[in-house]
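When a ligand or atom number is given, it counts from 1 through the structure's own listing order. Side chains included, hydrogens not; waters and symmetry mates left out as well; all remaining heavy atoms used.
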Amino acid sequence: MDHSAIAEGNVAVITGGASGIGLAVGRALSRKGMRVCLVDLNQLAVENASGTLHGESFGAVADVSDADSLSAVRDAVVARFGRVDVLMNNAGTGGGGPTCFSGADEWKRILGVNLWGVLNGTHVFGPLMLSQRSPGAIINTGSKQGLTNPPGNPAYNASKAALRTVTESLAHELRAIEGCEISAHFLVPGFTYTGMIARSIPMRPAGAWTPEQVAERLLAKLAAGDFYIICPDNEVTEALDHARMQWNLNDVVHNRPALSRWHSDFEAEFRAFVAREADPA
Ligand code: NAI
């Protein structure tokens with residue numbers, strides 16, 4: 001049985017919905033009879049995308065880093081459908097990214113979309129969803145880079161690490177509201193072949209999942225009531241993900257140098273740890 005917010009006639013709003021994971025989730029929800037509003041930056045792209053959905057769905061233009069443009073989307077959704085049952089704060093931006101010493105404008109742009117976009121979505125749609133006093137789901141899309149912090153992309157990693165804490169706090173706050181039937185969920189895709197990736201890699205690499213695989217796993221894990229929805233891919237197993245996350249946390253517990261996974265003194269130890277934890281056979 002699906003999450004109780006996912007039901008025929010219910011309404012979903014998905015940011016970053018014109019492409020990739022957001023669009024795949026939109027299609028999956030519309031196939032279940034939900035009315036879906038896909039939100040994205042470009043009018044034509046979002047209209048084309050919503051045209052591929054079933055039933056009464058539509059596309060809306062907004063920049064998630066701008067709360068006012070999301071408020072206008074909320075008003076349009078309420079005027080058309082009267083409610084919102086599922087909010088997926090999924091829009092994200094990557095790119096090469098700045099360093100810790102430079103690129104203030106890039107830091108602001110990436111945090112503006114990846115972190116503030118999610119906060120804006122929650123601030124704008126959250127009160128409406130709470131006022132409905134009915135089952136709901138808020139799904140925020142994070143990244144493994146926010147969990148393990150690989151070197152080279154600190155702004156993206158920081159934005160996605162912050163999303164983990166924000167989404168955990170949201171789940172806790174929702175749990176504490178009496179009678180509230182809205183749950184929060186943290187989706188962490190693995191390597192997925194989407195618009196973001198296609199810009200630099202023209203064909204889907206064998207290691208990548210399709211966005212449809214992520215959507216399918218998301219719906220199954222929502223149905224199971226899971227908060228952390230971590231996706232493997234065709235190269236990285238769940239056990240390998242667990243070992244990498246565990247190693248990262250153990251940096252703190254064992255007082256190792258930061259990011260010891262990428263420190264030459266710990267190379268052999270990391271390899272042995274992963275072999276033991278992820279492939280015990
Ligand atoms: P995508 O590029 O296919 O889709 C992202 C969509 O977000 C695009 O349509 C883009 O126009 C939209 N967007 C970007 N900035 C926006 C803004 N300011 N306002 C509104 N829309 C905006 O990429 P994908 O992979 O589907 O990305 C979805 C989410 O998944 C992102 O948050 C990304 O960080 C995350 N993710 C993706 C992974 C992958 O391997 N593809 C891995 C881990 C996380």
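Residues V188 and W209 do not share a hydrophobic cluster, defined by chaining ILVMFWY side chains whose heavy atoms lie under 4.5 Å apart. One hydrophobic cluster holds both V84 and V124 under the rule that ILVMFWY side chains link at heavy-atom gaps under 4.5 Å. Both V86 and I229 belong to a single network of hydrophobic side chains, linked directly or stepwise wherever heavy atoms of I, L, V, M, F, W or Y lie under 4.5 Å apart. V73 and L23 end up in different hydrophobic clusters when Ile, Leu, Val, Met, Phe, Trp and Tyr side chains are linked at under 4.5 Å. Neither V39 nor L53 shares a network with the other; the hydrophobic side chains, linked directly or stepwise wherever heavy atoms of I, L, V, M, F, W or Y lie under 4.5 Å apart, form separate groups for each.
Listed by number with element, the atoms of ligand 1 under 4.0 angstrom from any heavy atom of D63 are 17 (C), 18 (N), 19 (N). Distances below 4.0 Å separate heavy atoms of F191 from the following atoms of ligand 1: 40 (O). Within ligand 1, counting atoms from 1 as listed, the ones closer than 4.0 Å to a heavy atom of G20 are 3 (O), 26 (O).
Looking only at atom types and distance, the side chain of R27 has a donor-acceptor partner in the side chain of T52 under 3.5 Å away. Under the 3.5 Å distance criterion, with hydrogens and angles disregarded, no donor-acceptor pair is assigned to the side chains of N248 and T148.
Residue contacts with ligand 1 for K144 are absent, since no atom lies close enough (heavy atoms, distance under 4.0 Å). At a 4.0 Å heavy-atom cut-off, ligand 1 touches V113 through the side chain alone. Only side-chain heavy atoms of Y156 come within less than 4.0 Å of ligand 1; its backbone N, CA, C and O stay farther off.
When hydrogens are left out, the protein atom nearest atom 35 (C) of ligand 1 is T141 CG2, 3.7 Å; that is the closest non-hydrogen contact. Given atom 40 (O) of ligand 1, the protein heavy atom at minimum distance is T192 N, 2.9 Å. Atom 38 (C) of ligand 1 has as its closest protein heavy atom G190 O, 4.0 Å. Taking atom 31 (C) of ligand 1 as the reference point, the nearest protein heavy-atom neighbour is N90 O, 3.3 Å. Residue, atom and distance of the protein heavy atom nearest to atom 7 (O) of ligand 1 are G16 CA, 3.3 Å. For atom 8 (C) of ligand 1, the nearest non-hydrogen atom of the protein is D40 OD2, 3.5 Å. If you check which protein heavy atom lies closest to atom 24 (P) of ligand 1, you get T194 OG1, 3.4 Å. Closest protein heavy atom to atom 43 (C) of ligand 1: P189 O, 3.7 Å.
Ring geometry, F227 versus F186: the interplanar angle falls under 30°, so the pair is classed parallel (tilted spans 30 to 60°).
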How far apart are the C-alpha atoms of S69 and D63, what are their side-chain angles, what is the distance that settles it, and do they pass the side-chain hydrogen bond (donor to acceptor under 3.5 Å, both in side chains) test?
CA-CA 6 Å; S69 73; D63 178 342; 5.9 Å; no
Evaluate the ring pair (Phe, Tyr, Trp, His ring centres under 6.0 Å) criterion for residues F273 and F266: first the C-alpha distance (whole Å), next the side-chain angles of each, then the deciding distance (0.1 Å), finally the verdict.
CA-CA 10 Å; F273 177 82; F266 290 85; over 10 Å; no
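Ligand 1 has a nitrogen or oxygen under 3.5 angstrom from a nitrogen or oxygen of V64. Considering backbone and side-chain N/O atoms, T93 never comes within less than 3.5 Å of an N/O atom of ligand 1. For ligand 1, the polar-atom distance check against V39 finds no nitrogen or oxygen pair separated by under 3.5 Å.
For the ligand labelled ligand 1, residue K160 lies inside the 4.0 Å heavy-atom shell. The closest approach between a heavy atom of A198 and any atom of ligand 1 is not below 4.0 Å.
One option in R109, M196, M88 has a heavy atom closer to atom 27 (O) of ligand 1 than any other, and that option is M196. Among A62, A45, G92, the residue whose heavy atom sits closest to atom 5 (C) of ligand 1 is G92.
A salt bridge links R217 to E238: at least one charged side-chain nitrogen sits closer than 4.0 Å to a carboxylate oxygen.
Considering E168, K221, H185 in turn, E168 is the only one that fulfils the side-chain hydrogen bond (donor to acceptor under 3.5 Å, both in side chains) rule with Y228.
Across E277 and A243, no two heavy atoms sit closer than the pair CB-CB, 3.8 Å.
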